[in-house]
Every structure is written in structure tokens, then in C-alpha cells.
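Below: the structure, in C-alpha cells.
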Amino acid sequence: MPGFVDMHCHLREPGQEYKEDIASGTLAAAFGGFTAVACMPNTIPVNDNEMVTRFIIDKAKEGASTRVYPVAAITKGLKGEELTEFGILKENGAIAFSDDGRPVEDANRMRLALQYAKGFDALLISHCEELSLVGEGVMNEGTTSALYGLKGISRAAEEVMLSRELLLAESLNTKVHIAHISTWGGVELLRQAKARGVRATGETCPHYFSATDELCMDYDANAKMNPPLRTARDVEAIKRGLADGTIDAIATDHAPHSKDEKRIEFQNAPNGIIGFETAFSLAVTNLIETGILTPQQLVERMSCRPAEILGVSGGIVAKGFSADLTIADPNAVMTYNEENLHSKSANSPFLNKKYKGKVVCTIMDGIVRAKR
Ligand SMILES: [Zn+2]
Ligand SMILES: [Zn+2]
């Protein structure tokens with residue numbers, strides 16, 4: 001297959017190298033079949049100026065196992081106030097813009113950002129979360145949160161913001177990309193928007209088509225993420241959205257955290273799970289084996305569409321193009337554990353379970369980068 005392109009991950013460098021760095025993160029990505037990754041700007045310092053963008057690109061040149069495309073912040077310090085210099089950042093290699101981890105709370109600021117981005121033909125990626133509706137919620141709001149006595153996050157918290165972004169993009173006739181869609185309503189909103197010609201695209205993550213909020217059982221903080229795992233109805237809708245193309249891409253939202261950070265009580269643990277190495281197996285197990293997607297469609301969602309949306313090369317196996325290739329065995333049974341993962345972190349609820357499908361070898365730019 002053409003190498004997978006992950007349009008949403010967190011490599012944690014600069015600033016949090018104890019969780020992950022560019023070398024370890026991209027090695028894990030290569031073992032997951034990815035030949036290119038786009039990394040979010042919530043590093044320390046934030047990637048909101050060309051110095052940080054250049055640092056990431058230079059670091060990647062030194063020792064990355066995949067192509068690395070930095071996503072720069074929409075607002076300085078991810079504070080939701082002053083916009084960053086889209087033009088300069090883009091010139092220095094920023095592939096897109098996002099305040100991921102946070103929404104741009106102020107609607108008019110987001111409108112100005114979209115308008116400003118349009119002038120540079122820059123892509124904005126929105127982390128959709130209406131914070132006033134999230135409140136102190138820590139997992140999906142429903143019977144499971146009630147059972148565990150944890151504060152819930154309603155689907156509306158995601159969908160209200162998602163609607164806002166679609167309406168703003170529509171009114172400005174500009175593009176917008178919706179990150180990590182997790183709800184059935186979110187899929188439906190994007191489907192309707194696309195049907196009336198809104199230039200919106202969307203991604204989901206392997207966990208949203210593989211698991212429900214019941215994974216938070218026993219208060220396992222390795223199942224805590226944002227947006228949270230939802231319900232069976234949402235999982236079904238995400239799968240349908242992937243099948244009919246409403247959801248363009250599968251991105252990992254690989255978000256490493258140390259053991260100590262995740263070992264505390266559920267309410268206080270940080271959000272996020274690692275995702276590079278398990279992505280293909282979860283996709284084969286939950287999408288291919290179940291007949292939701294054909295292998296060709298999976299390649300579109302994991303390689304062709306994300307490359308297209310980001311405007312980078314990829315998603316193609318042909319003479320004259322660089323050899324970015326993934327070789328996989330769809331019938332192999334694979335179990336992931338701390339010992340065979342290449343990330344510095346192991347925060348995942350998908351370890352020590354059997355899955356169908358295994359990435360055997362990843363080649364980037366004609367060189368073998370990972371072999372299992
Ligand atoms: Zn996010
Ligand atoms: Zn993210």
C-alpha cells in the first residue's frame with residue numbers, strides 16, 4: 001500500500017521529551033505503517049512562531065523515521081487571542097493551523113482566522129469543544145458515567161462547536177477540517193454540510209470506531225481522552241461515516257503520556273492515548289473484517305485523503321513518485337504490549353489483546369524504516 005499519512009498526532013518535542021520525542025514518535029509511527037505524520041503545536045514552547053516550526057523540521061531531518069509536517073497554532077500560546085503569522089509560518093513549513101487541545105473559543109476570532117487563512121490557502125483544523133458545555137466532565141455523559149459517578153461530557157459539547165465551524169466556513173466559502181469526530185450527531189452534521197457544498201473535511205480516530213465508554217471501566221485512565229469514548233450508537237455512525245466518505249480520514253491523535261501521569265485518579269489524569277502502532281490492527285479488526293470498508297477504502301482513509309487534505313505527496317504507488325510504502329499482513333494476529341511498542345509511552349487501552357492485521361514493513365523514501 002502507499003504509506004499511511006497521519007494528519008493528527010502529538011510528538012511532544014520540544015518540551016516534553018519524557019513522554020515522546022520526534023525520533024521515538026516517528027519510529028513508532030513507522031512501525032504503525034505511517035510514512036508521514038502531521039504534529040500538533042501544543043508543545044512547550046507552543047509552535048506559534050517560525051523558530052519552533054524550523055526546530056521541528058530540523059530535528060526531523062536529523063533522525064525521523066517518517067516525514068514530519070508541523071501544524072502551527074492558530075493563536076499565540078494557544079490562548080485564543082492574538083492570531084499567529086500564518087504567512088510566515090507557512091513559508092517556514094507549517095502544513096496547517098490548529099489550537100488542538102483547545103477550541104478557539106471566541107467565534108469572531110475563529111471567523112477572522114478562517115478569513116485570514118483563506119488568503120494564504122491555509123488549512124485550519126478545529127478541535128471542536130464548547131468549553132461551557134464540557135464543564136468539569138471527564139468522560140462521555142450517559143449511563144456509564146452515571147454508573148461510575150463521574151461527571152459527563154455531552155455530545156452537544158462537541159457538536160455545538162462543530163456546527164459553528166461548519167457555518168463559519170460556509171459563510172466565508174472557505175475550507176475547514178474537523179478533528180477527531182466522535183459522535184453520531186457530528187457525522188450527521190458533516191454529512192449535511194458536505195451535501196450542501198460546504199468545503200469541510202473530517203477525521204476520526206481508531207478508538208472512536210473500536211471502543212465505547214465502557215472501556216473506562218475500573219476507572220482506567222488509559223481510556224481517558226478528549227473527546228471521550230462514546231456509545232455503540234456513535235461507533236456505528238462513525239463506521240457508516242467512514243464507509244460513505246463523510247469522514248475523509250483516519251488519524252491517530254497519538255498522545256503519549258508517562259505512566260505516572262496516567263496512574264492517578266481518573267478525574268485528574270491527562271487526556272489522550274498513544275495510537276500509531278495499533279491503528280492498522282484496529283482498522284483491520286473493526287473495519288475490514290466486519291466488511292465496513294474494503295482494503296482499497298482503508299487505504300483512501302489512511303493515506304490518499306489525508307495527503308490530499310494536507311496538500312502533501314503521498315497516497316500513491318507509481319513510477320516517478322518517492323517510495324513511501326507499507327507492507328502489511330491482514331491475516332496475521334497481533335498483540336501489542338509495552339515490550340513491543342516503540343513509543344516512549346504505553347498509555348493505551350488496546351494493549352494485551354489480540355487483533356487481526358499487522359504492519360510488516362514500512363519504507364519511506366526508498367529506505368526500510370521499520371520491520372516487524
Ligand atoms: Zn484535539
Ligand atoms: Zn490531538
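Start at 1 and go down the list; that is how both ligands and their atoms are numbered.
The Zn ion (ligand 1) lies at the vertex of an angle of 100° between the ND1 atom of His127 and the NE2 atom of His180 (rounded to 10°). Here Asp253 contributes OD1 and Asp100 contributes OD2, and at the Zn ion (ligand 2) these two atoms make an angle of 170°, given to 10°.
Shown here is Arg111, whose CZ atom has no more than 12 heavy atoms of other residues, nucleotides or ligands within 6.0 Å.
In the hydrophobic clustering of this structure, Ile125 groups with Ile309; members are Ile, Leu, Val, Met, Phe, Trp, Tyr whose side-chain heavy atoms approach within less than 4.5 Å, directly or through other members.
Residue contact annotation: His8 places an N/O/S atom under 2.8 Å from the Zn ion (ligand 2). Taking backbone and side chain together, His10 holds an N, O or S atom under 2.8 Å from the Zn ion (ligand 2).
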Check the pair Thr326, Phe280 against side chain to side chain contact (heavy atoms under 4.5 Å, CB included), reporting the backbone distance first and the verdict last.
CA-CA 11 Å; Thr326 300; Phe280 179 72; over 6 Å; no
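No hydrogens or angles considered: nothing links the side chains of His127 and Asp99 as a donor-acceptor pair under 3.5 Å.
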